[in-house]
Amino acid sequence: MVNLTPKLSPKGWDEMFSRDGVRDAYKQVLQTLESLNLDKLNVKQKQASDIFMNQGITFTVYSDDNQGIERIFPFDIIPRIITKNEWIEVETGITQRLKALNLFLEDIYNEQLIIKDGIIPASLIASCPHYLPEAHGIKVPHNIHVHIAGIDLIRGEKGEFYVLEDNLRCPSGVSYMLENREITKRIFPEMFRANNVSMVANYPMIFHNILVSLSPRSIPNPNVVLLTPGVYNSAYYEHTFLARQMGIPLVEGRDLVVNNHKVYMKTTSGLQQVDVIYRRLDDEYLDPLVFKPDSALGVPGLISAYKMGNVALVNAVGNGVADDKAIYAFVPQMIKYYLNEEPILKNVPTYQMENPEERELVFADMENMVIKETNQSGGYGMVMGNKATEAELEAAKVAILNNPRNFIAQPIIQLSTVPCYIDGELKLRHVDLRPYALCGPNGVKIVPGGLTRVALTEGSLVVNSSQGGGSKDTWIMK
């Protein structure tokens with residue numbers, strides 16, 4: 001028997017421990033952990049690492065010299081638990097948010113009423129590098145632009161949920177959500193069976209059914225493919241995993257060809273028409289005839305076929321305008337404008353650096369702010385005011401003044417903590433949560449789970465895998 005609780009001292013909101021002791025949802029898990037000795041817990045931690053290694057569950061980090069380093073995604077064996085009532089709030093809040101974001105994308109690439117009615121400045125849209133005039137007027141199937149979204153959530157000091165980011169282009173990480181569950185079931189089968197945990201394994205089936213439903217041809221078995229940039233992409237493991245799980249071909253740009261505004265896949269038995277492409281390729285690389293002329297990853301003529309309605313692209317082209325961090329600040333207004341509802345999930349308070357008054361407020365309180373570039377991801381282009389040197393803060397001010405549209409600022413929120421098994425004891429580490437929402441003709445479906453990302457460095461608030469973060473299995477209780 002091992003006693004794990006006395007070494008913990010939560011300062012903010014901890015998911016397992018309150019001031020009154022262990023939260024109800026975690027009691028059985030903690031009992032199981034404490035019934036084992038340290039040797040057995042260490043064996044289970046090693047078993048999890050070995051599974052990741054043997055199955056090649058990896059991601060790639062690129063250094064400044066463009067050298068790719070393949071790494072095992074760090075996995076913590078203690079599950080993160082979310083109660084049924086908490087999940088209902090998350091689920092309804094994300095559903096509401098995605099409805100508004102889809103309506104925004106449909107509007108911004110057609111009538112632009114939200115600009116004409118003065119809700120969002122036209123200059124903010126025009127200056128967004130991911131707003132694509134080439135996508136204007138394209139009719140997308142069922143008016144759905146976001147088919148898969150990864151909405152990043154954090155919990156504040158009182159346990160309240162905030163939306164940190166909307167990922168509406170090519171959100172990654174769902175394979176780790178699925179693999180984390182399988183590993184937990186293998187290393188803690190009794191603990192898993194003893195808890196009433198919702199299932200996530202049907203995600204590939206739900207997603208595949210949505211992909212099939214988007215086919216422009218009314219045929220029994222439309223051809224669906226997953227388009228990958230190739231083996232050197234940081235998420236290539238996920239591309240292979242999802243293609244295998246959904247039973248669809250994994251293709252690169254060179255495997256596809258456009259003829260007479262239709263897309264075909266090269267096969268040993270000749271060309272086969274492709275109906276739906278789940279693309280894990282950014283917009284600018286999709287078609288060298290329209291975007292980057294030197295892109296060898298895309299398919300010449302793809303956008304022409306897309307405009308003609310002969311192929312569906314998932315997600316739709318041009319979604320980046322909706323997850324620009326400067327546009328993020330306007331999502332609550334979008335919800336009110338398009339749905340006439342109050343937002344269920346809060347935004348983190350956000351300061352626009354183009355606004356002189358907000359900029360001065362931020363400059364006066366830089367130590368308590370996080371500065372973010374509006375179109376960076378993966379934890380890059382970020383300055384944590386409480387960790388930065390004076391020189392770094394001054395450099396951030398200069399960068400902001402040179403290009404204010406490129407930055408936002410937010411107050412630093414102490415993310416909630418979850419105990420992690422590190423060096424033979426439970427230690428508190430900060431976490432976020434990325435649930436995955438799927439949108440099809442029958443509405444929004446959110447698998448009851450998500451990717452809990454962990455900042456493994458003590459005191460760090462940066463959870464991204466590219467910045468040394470890891471992950472946990474996420475249990476949604478029935």
Side-chain angles (χ1 to χ4, degrees), residues 90-92 94-106 109 135 138-151 166-178 181 198-228 235 238-251 263 265 273-281 283 286 302 305-306 309-319 322-323 434-451 476:
V90 167
E91 194 173 39
T92 53
I94 289 177
T95 299
Q96 178 197 57
R97 194 173 180 95
L98 282 184
K99 284 180 180 176
L101 285 164
N102 252 317
L103 289 167
F104 167 71
L105 285 162
E106 179 67 13
Y109 285 115
I138 294 178
K139 180 70 176 170
V140 298
H142 309 283
N143 294 337
I144 300 171
H145 293 255
V146 185
H147 309 93
I148 170 173
I151 306 297
D166 303 295
N167 296 284
L168 311 177
R169 282 173 274 177
C170 302
S172 62
V174 74
S175 61
Y176 303 119
M177 173 188 80
L178 298 169
R181 175 58 51 84
S198 298
M199 180 177 70
V200 296
N202 59 344
Y203 174 94
M205 181 188 71
I206 295 170
F207 190 30
H208 184 259
N209 289 342
I210 287 174
L211 292 173
V212 168
S213 73
L214 300 172
S215 171
R217 293 192 296 170
S218 297
I219 56 175
N221 296 301
N223 283 325
V224 180
V225 301
L226 192 158
L227 175 61
T228 175
E238 176 158 292
H239 305 167
T240 62
F241 175 88
L242 289 173
R244 187 170 64 248
Q245 290 287 313
M246 291 190 285
I248 62 176
L250 181 70
V251 300
V263 182
M265 176 173 58
Q273 188 173 344
V274 173
D275 300 290
V276 182
I277 299 175
Y278 171 38
R279 47 80 173 231
R280 295 298 297 262
L281 197 60
D283 289 345
L286 280 173
L302 177 59
Y306 178 56
N310 292 327
V311 69
L313 293 179
V314 174
N315 281 330
V317 172
N319 281 9
D323 60 21
R434 178 178 288 184
Y436 294 91
L438 298 170
C439 308
N442 297 320
V444 178
K445 296 184 184 297
I446 306 175
V447 173
L451 181 65
I476 311 300

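Every residue two or more places apart in sequence or in another chain that forms a side chain to side chain contact (heavy atoms under 4.5 Å, CB included) with Glu106 is listed here: Asn110, Val140, Asn143, His145.
Taken from CD1 in Ile94 to CG in Leu101, the straight-line distance is 11.0 Å, to the nearest 0.5 Å. Rounding to the nearest 0.5 angstrom, the gap separating the CD atom in Gln245 from the OG1 atom in Thr240 is 10.0 Å. Atom CZ of Arg279 and atom OH of Tyr306 lie 7.5 Å apart (nearest 0.5 Å). Note that CD1 of Ile144 is 10.5 Å distant from CG of Asn315, once rounded to the nearest 0.5 Å. Considering CZ of Arg244 and CG of Leu226, their distance stands at 12.0 Å, rounded to 0.5 Å. Atom CD1 in Ile248 sits 10.5 Å away from atom CG in Leu227 (nearest 0.5 Å).
Side chains of Phe207 and Tyr436 form no contact here, defined as non-hydrogen atoms less than 4.5 Å apart.
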Can you list the steps and then say if Leu98 with Ile151 is a side chain to side chain contact (heavy atoms under 4.5 Å, CB included)?
CA-CA 9 Å; Leu98 282 184; Ile151 306 297; 4.2 Å; yes
Val146 vs Asp166, test: side chain to side chain contact (heavy atoms under 4.5 Å, CB included). Steps then yes/no.
CA-CA 11 Å; Val146 185; Asp166 303 295; over 6 Å; no
For a quick test of your reading: what N or O donor-acceptor pairs under 3.5 Å do the side chains of residues 213-222 make, sequence neighbours left out?
unit_1: Ser213; atom_1: OG; unit_2: Ile210; atom_2: O; d: 2.6
unit_1: Ser215; atom_1: OG; unit_2: Arg217; atom_2: N; d: 3.2
unit_1: Ser215; atom_1: OG; unit_2: Arg217; atom_2: O; d: 2.9
unit_1: Arg217; atom_1: NE; unit_2: Asp275; atom_2: OD1; d: 2.6
unit_1: Arg217; atom_1: NH2; unit_2: Asp275; atom_2: OD1; d: 3.4
unit_1: Arg217; atom_1: NH2; unit_2: Asp275; atom_2: OD2; d: 3.1

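Ion pair Arg169/Asp283 not flagged as a salt bridge, since none of the NZ, NE, NH1 or NH2 atoms sits closer than 4.0 Å to an Asp/Glu carboxylate oxygen.
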